[in-house]
Amino acid sequence: MASKLLLIAVFVLDLIAFGLAVAAEQRRSTAKIVQDSEVNYNYCVYDSDISTGYGVGAFLFLMASQAIIMVASRCFCCGKAMNPSGSRAWAVILFIVCWLFFLIAEICLLAGSVRNAYHTKYRSIFSEQPPSCETVRKGVFGAGAAFIFLTAIVNKLYYISYSNARENSFQPYGGGREAGVGMGAYK
């Protein structure tokens, strides 16, 4: 049976990661072009940089959640063999999907955090074109939050399927029913 304590702990980590990703989306940096006091050049002024921290926090919480699930299931590749069954088949499929969703979520969070932390440093001196005040696009952290949600669902289903397959795992030599070697009657 799957450990309920482990599932609750991973759920809490995933919930925190989701909340941080949504907060990062809501608090993305914005920029405006400001003219200096001597009116010689224009430059960019950015507001709060808090969403970078939120994005990195979501990244770390999701990574911790995935690590706990993978350690508990021995990353599906270590441990004793499992009987071919529906639970094992679902565990393999969900293992692959879980890692795919995890990687997409982590890439979105990391890319959004890096892009949000980047601020244009140059100025436009005696130029008619204003500087390009680059910010992170709307929806990058939102996509990360969506994939955190999908990862949270899939990694719990994976762990439950893995636990069911492990309970019905391969038992050599008669399934452990006999301690000795079974012999027929001698005639």
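- Judged purely by atom type and a 3.5 angstrom limit, Glu25 has no side-chain atom pairing as donor or acceptor with the backbone of Lys138.
- Counting all heavy atoms, side chain and backbone alike, Gly144 lies closest to Ala105 at O-CB, 4.0 Å.
- More than 12 heavy atoms of other residues, nucleotides or ligands shown are found within 6.0 angstrom of CZ on Phe95.
- Heavy-atom minimum distance, Ser65 versus Val10: OG-CG1, 3.4 Å.
- Between Ser87 and Arg166 there is no side-chain heavy-atom pair separated by less than 4.5 Å.
- For Cys108 against Val140, the heavy-atom pair with the smallest separation is O-CG1, 3.5 Å.
- Note on Leu103: it clusters hydrophobically with Val92, by side-chain heavy-atom contacts below 4.5 Å among ILVMFWY residues.
- Within the structure, no pair that satisfies the salt bridge (Lys or Arg N to Asp or Glu O under 4.0 Å) test touches residues 87-98, not counting sequence neighbours.
- Under the 4.5 Å side-chain contact rule for hydrophobic residues, Leu94 and Ile104 share a cluster.
- Clustering ILVMFWY residues whenever any of their side-chain heavy atoms sit less than 4.5 angstrom apart, transitively, puts Val97 in the very cluster that holds Leu150.
- Each of Phe61 and Ile107 belongs to its own hydrophobic cluster when Ile, Leu, Val, Met, Phe, Trp and Tyr are linked at side-chain heavy-atom distances under 4.5 angstrom.
- Annotation: side chain to side chain donor-acceptor pair (under 3.5 Å) contacts of Ser113 (sequence neighbours excluded): none.
- Looking only at side-chain heavy atoms (C-beta outward), Ile148 and Leu109 come within less than 4.5 Å of each other.
- Residues Leu100 and Phe18 fall within the same hydrophobic cluster, defined by Ile, Leu, Val, Met, Phe, Trp and Tyr side chains chained together at heavy-atom separations under 4.5 Å.
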Donor-acceptor pairs under 3.5 angstrom involving side-chain atoms of residues 151-158: please list them, not counting sequence neighbours.
residue : atom : partner : partner atom : Å
Thr151  : OG1  : Phe101  : O            : 3.4
Thr151  : OG1  : Phe102  : N            : 3.4
Thr151  : OG1  : Phe147  : O            : 2.6
Lys156  : NZ   : Asp14   : OD2          : 2.7
Lys156  : NZ   : Ala152  : O            : 3.1
Tyr158  : OH   : Ser73   : OG           : 2.8

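- With sequence neighbours left out, Ala72 forms a side-chain contact (heavy atoms from CB on, under 4.5 Å) with Leu6, Tyr159.
- Under the rule for a salt bridge (charged side-chain N to carboxylate O under 4.0 Å, His left out), Glu106 has no partner lying at least two apart in sequence or in another chain.
- By the side-chain contact (heavy atoms from CB on, under 4.5 Å) test, Ala24 pairs with Ser51, Tyr54, Phe141, sequence neighbours left out.
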Run the side-chain contact (heavy atoms from CB on, under 4.5 Å) test on Ile160 and Leu7 for me, step by step, so that the C-alpha distance in whole Å, both residues' side-chain angles and the decisive distance to 0.1 Å come before the verdict. CA-CA 9 Å; Ile160 291 168; Leu7 290 173; 4.1 Å; yes
